[in-house]
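Before any comments, here is the structure.
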Amino acid sequence: MKIRNIAIIAHVDHGKTTLVNQLLKESERYDMHQVLNDRVLDSNDIERERGITILAKNTAIIYKDYRINILDTPGHADFGGEVERIMHMVDGVLLLVDAYEGVMPQTRFVLKKALEAKLLPIVVVNKIDRQFADISRTVNEVYDLFIDLGADEHQLEFPVLYASGLQGLASYEPILQAHIRMEPILDTIIKEIPEPNQDSDKPFLFQPALIDYNDYVGRMGIGKIYQGQVSVNDTINCLRLDDSIIEFRVQKIFQSMGLEKVEVETAYAGDIVSIAGLPDVHVGETFTQLGHHQPLPHLHIDEPTVQMTFLTNNSPFAGQEGKHVTASKIEDRLFKETQKDVSLKANRIGNTEQWIVSGRGELHLGILIENMRREGFEFQVSRPRVIVKEIDGIKHEPYEEVQIDCPQESMGTVIEMMGDRKGELVSMNQLGDYARIQYIMPSRGLIGFMTQFLTATKGYGILSHIFLDYRPMVYETVGNRRSGSLVSLNQGMTTAYAIGRLEDRGIMFVEPREKVYEGMIIGEANKDSDMVVNVTQEKQLSNMRSAGKDSTVVLKKPKQMNLEACLAYINDDELIEITPKTIRLRKQILKANERKKASYGTTKA
């Protein structure tokens with residue numbers, strides 16, 4: 001069967017996974033009685049809850065005697081490593097651009113990677129049925145982007161199609177017709193995308209770019225067979241990343257077909273398959289025929305820019321809610337994640353029960369924390385911080401290119417907030433009732449910014465950012481919280497009486513009858529310094545009649561602090577305690593007098 005391998009790339013929320021749903025319905029193997037959920041490839045719980053793709057996934061459809069392997073990729077900048085890894089597996093890309101939003105920062109990133117890999121692009125202007133869609137402006141922006149990124153003449157002759165992923169309609173012209181479904185896109189893929197090398201007579205060569213897991217066979221490497229063929233029970237070599245060689249027997253070979261993994265006996269050059277048999281397969285290794293030891297080039301992945309400290313839980317409530325609480329369990333889980341996600345790095349700090357975990361952004365690390373929490377882990381994390389590099393004896397920090405779309409009325413507030421975080425204004429344009437502002441700013445200015453930004457724009461603002469480069473460090477505090485915390489004085493149960501008395505001191509994070517301990521943060525102070533407060537105080541009961549009439553205490557609703565809000569809130573001397581049931585904020589040093597001593601020593605130094 002003739003093969004085409006293609007990746008769907010775009011900025012976050014431009015409709016990649018929805019379009020894949022519609023393409024799956026065009027497959028000749030699609031059963032009309034089969035019900036496809038929205039964004040069916042977003043199988044992970046967190047992906048479905050947040051409406052974003054986190055892991056690249058492969059599927060395939062049969063169309064006009066062609067097998068089209070499709071790779072759905074994440075659109076968020078923090079998961080760019082997933083996009084980079086699969087570029088060498090495909091021969092072309094389907095670049096989706098939202099007809100209203102136009103070219104966005106992540107569009108530039110993913111297209112740059114595709115052009116560097118010499119892939120042929122097909123441009124699909126999606127959501128043309130959206131209100132205020134500006135198709136001609138979007139197409140012009142795409143041409144400008146290709147020229148800016150240095151596309152060669154062959155790449156610049158890309159076809160442009162128009163689609164509505166939601167309606168499942170596509171067209172060669174910017175007018176949709178109800179009877180023309182996804183055929184124009186599939187016909188263009190067959191016509192424009194070159195077929196992969198299908199030389200099955202050469203020695204077998206394969207490189208896993210993604211890792212899959214199956215309860216029956218364990219870890220599997222997903223990748224493209226560059227040449228040759230492989231069958232179940234064949235004995236082949238694995239050339240490891242440390243240059244060692246190991247032999248293993250192929251247990252299973254799976255091909256994707258729609259939503260299912262189909263087991264096959266033999267796979268041939270050009271196809272994308274999953275190979276099981278090596279229990280500790282890693283991304284970037286090379287599988288070869290016995291007697292051939294020529295490895296493929298290692299996959300290049302951009303370095304992490306943000307890191308956090310993970311540590312075992314040592315709070316007074318440690319071990320009460322979690323299933324996995326020991327250092328060995330946490331270390332094994334972090335190591336397992338680094339094998340699957342090559343953009344992530346985890347290193348233990350000496351003989352301590354602490355690990356430096358580095359990733360591509362705040363969301364990248366936040367997803368790992370959320371996954372571990374749901375798996376029953378209990379641990380603590382520090383505030384995210386950027387990775388500083390020393391270049392020619394000068395400290396450099398990562399910078400981001402930031403694009404903001406916000407309503408005109410909140411533009412002044414946003415500009416002021418970006419100025420406070422050392423953002424440098426690059427351009428400002430008007431898009432109807434919205435303003436599009438572009439900035440270059442230090443990455444640490446974005447840590448914890450999203451919550452404030454959404455509040456300032458009443459939820460209507462869109463912020464996109466992408467790593468630019470390393471630049472000389474700004475020796476000023478950027479992005480730290482200015483207000484202090486309300487910190488619990490003692491351990492016990494909170495009372496409505498105590499909370500009622502403290503409400504005018506700041507915003508509370510706790511309700512009555514919640515367990516707290518000394519050093520736990522129970523609210524945000526309305527001053528710039530921390531306040532140690534007694535939140536467990538009971539009302540004194542006596543047989544004396546009070547002069548004033550007792551009235552029912554009506555408390556304000558406490559501020560809900562989810563994981564993102566906590567990561568945005570904490571300062572360098574604070575930690576987040578993560579358990580499967582609860583997320584708490586605390587001071588690194590729990591006892592108030594020890595905190596005073598530590599701060600006195602720092603001030604003196």
Side-chain angles (χ1 to χ4, degrees), residues 78 303-390 397-398 443-444 447-448 479-481 485 487 517-521 563-564 566-580 582-591 594-595 597-599 601-602 605:
D78 285 17
E303 290 295 305
T305 55
V306 174
Q307 62 187 24
M308 296 170 78
T309 304
F310 282 50
L311 54 157
T312 49
N313 191 5
N314 58 6
S315 83
F317 296 164
Q320 292 183 9
E321 296 174 358
K323 191 166 59 175
H324 310 299
V325 297
T326 60
S328 59
K329 290 272 190 184
I330 295 169
E331 185 164 55
D332 289 347
R333 178 64 180 83
L334 292 174
F335 178 73
K336 180 182 165 188
E337 191 69 24
T338 57
Q339 303 312 306
K340 196 167 63 174
D341 185 350
V342 292
S343 305
L344 197 78
K345 290 183 170 61
N347 299 302
R348 193 164 187 161
I349 305 172
N351 293 322
T352 63
E353 293 187 350
Q354 298 184 19
W355 300 264
I356 299 289
V357 181
S358 311
R360 291 287 285 268
E362 199 178 347
L363 179 64
H364 188 193
L365 296 173
I367 295 290
L368 169 63
I369 293 167
E370 184 61 33
N371 275 324
M372 288 177 67
R373 187 173 85 85
R374 293 182 184 202
E375 291 164 20
F377 283 85
E378 190 174 300
F379 56 102
Q380 297 178 135
V381 296
S382 71
R383 182 174 192 256
R385 56 193 181 277
V386 298
I387 297 171
V388 177
K389 287 184 179 177
E390 197 164 300
E397 65 176 322
S443 297
R444 60 192 164 124
I447 292 174
N480 270 25
R481 188 183 78 241
S485 297
V487 185
Y517 53 80
E518 183 181 0
M520 180 173 154
I521 296 169
L563 181 59
E564 281 73 29
C566 290
L567 286 171
Y569 178 82
I570 61 169
N571 269 344
D572 297 330
D573 65 333
E574 296 163 353
L575 297 172
I576 307 173
E577 182 186 347
I578 312 281
T579 77
T582 321
I583 296 174
R584 301 184 185 95
L585 291 162
R586 53 159 286 184
K587 287 289 181 183
Q588 281 186 7
I589 302 170
L590 294 177
K591 296 198 174 293
E594 289 177 14
R595 282 201 302 276
K597 284 179 191 174
S599 63
T602 309

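Side-chain contact between R584 and T579: present, with at least one pair of heavy atoms (C-beta onward) separated by less than 4.5 Å. Side-chain contact between E353 and L311 is absent, with no heavy atoms from C-beta onward closer than 4.5 Å. At a threshold of 4.5 Å between non-hydrogen side-chain atoms, the residues I578 and M372 do not count as touching. Inter-residue side-chain proximity for R333 and N371 is flagged as met; some heavy-atom pair is nearer than 4.5 Å. Residues P316 and L590 have side chains in contact (heavy-atom distance under 4.5 Å, counting atoms from C-beta outward). The closest side-chain heavy-atom distance from V381 to L575 is not below 4.5 Å. No side-chain heavy atom of L567 sits under 4.5 Å from any side-chain heavy atom of I447.
Formation of a donor-acceptor pair under 3.5 Å by the E518 side chain with backbone atoms of K591 is not found in this model. Here the side chain of S485 pairs no donor or acceptor atom with the backbone of V487 at under 3.5 angstrom.
Between E375 and K323 the shortest heavy-atom distance is O-CE, 4.1 Å. The two residues I570 and S382 make their nearest non-hydrogen contact at CD1-C, 3.7 Å. Taking both residues in full, the closest heavy atoms of G322 and E378 are given as N-OE1, 2.7 Å, listed atom of the first, atom of the second, then distance. Scanning all heavy atoms of the two residues, the minimum distance from L334 to L368 falls at CD2-CD2, 4.1 Å. Between P384 and E362 the shortest heavy-atom distance is CG-CG, 4.2 Å. Considering every non-hydrogen atom in both T312 and T326, the closest pair reads CG2-C, 4.2 Å.
The side chain to side chain donor-acceptor pair (under 3.5 Å) search around S443 returns E400, not counting sequence neighbours. Applying the salt bridge (charged side-chain N to carboxylate O under 4.0 Å, His left out) rule to D572 yields the partners R383; only residues at least two apart in sequence or on another chain are considered. Remark: Q354 pairs with no residue by the side chain to side chain donor-acceptor pair (under 3.5 Å) rule, at least two apart or across chains. Considering only residues two or more places apart in sequence or on other chains, N314 meets the side chain to side chain contact (heavy atoms under 4.5 Å, CB included) condition with Q380, R586. Remark: R348 pairs with E331 by the side chain to side chain donor-acceptor pair (under 3.5 Å) rule, at least two apart or across chains.
Taking SG of C566 as the start and CD of E574 as the end, the distance is 10.5 Å to the nearest 0.5 Å. For the atom pair T305 OG1 and K389 NZ, the distance stands at 9.5 Å (nearest 0.5 Å).
In this structure, a donor-acceptor pair under 3.5 Å is present between the side chains of R385 and T309.
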**Test salt bridge (charged side-chain N to carboxylate O under 4.0 Å, His left out) applied to R373 and E370, step by step** = CA-CA 5 Å; R373 187 173 85 85; E370 184 61 33; 3.3 Å; yes
**Request:** Give the C-alpha distance, both sets of side-chain angles, the deciding distance and a yes or no for side chain to side chain contact (heavy atoms under 4.5 Å, CB included) between T338 and K345.
**Result:** CA-CA 6 Å; T338 57; K345 290 183 170 61; 5.5 Å; no
**Message:** The test is side chain to side chain contact (heavy atoms under 4.5 Å, CB included); show your working for L585 and I576 and say whether it passes.
**Reply:** CA-CA 5 Å; L585 291 162; I576 307 173; 4.0 Å; yes
**Message:** As a quick check of understanding, evaluate side chain to side chain contact (heavy atoms under 4.5 Å, CB included) for L365 and L344, giving each step before the final call.
**Reply:** CA-CA 9 Å; L365 296 173; L344 197 78; 3.8 Å; yes
**Prompt:** When you look at T582 and F317, which way does the side chain to side chain contact (heavy atoms under 4.5 Å, CB included) test go after all the steps?
**Reply:** CA-CA 11 Å; T582 321; F317 296 164; over 6 Å; no
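Counted within 6.0 Å of NZ on K329, heavy atoms from surrounding residues, nucleotides or ligands total 12 or fewer; the atom is thus considered open.
Here ring pair (Phe, Tyr, Trp, His ring centres under 6.0 Å) pairs that include residues 335-380, with residues two or more places apart or in two chains, are F79-H364, F310-F379, H324-F377.
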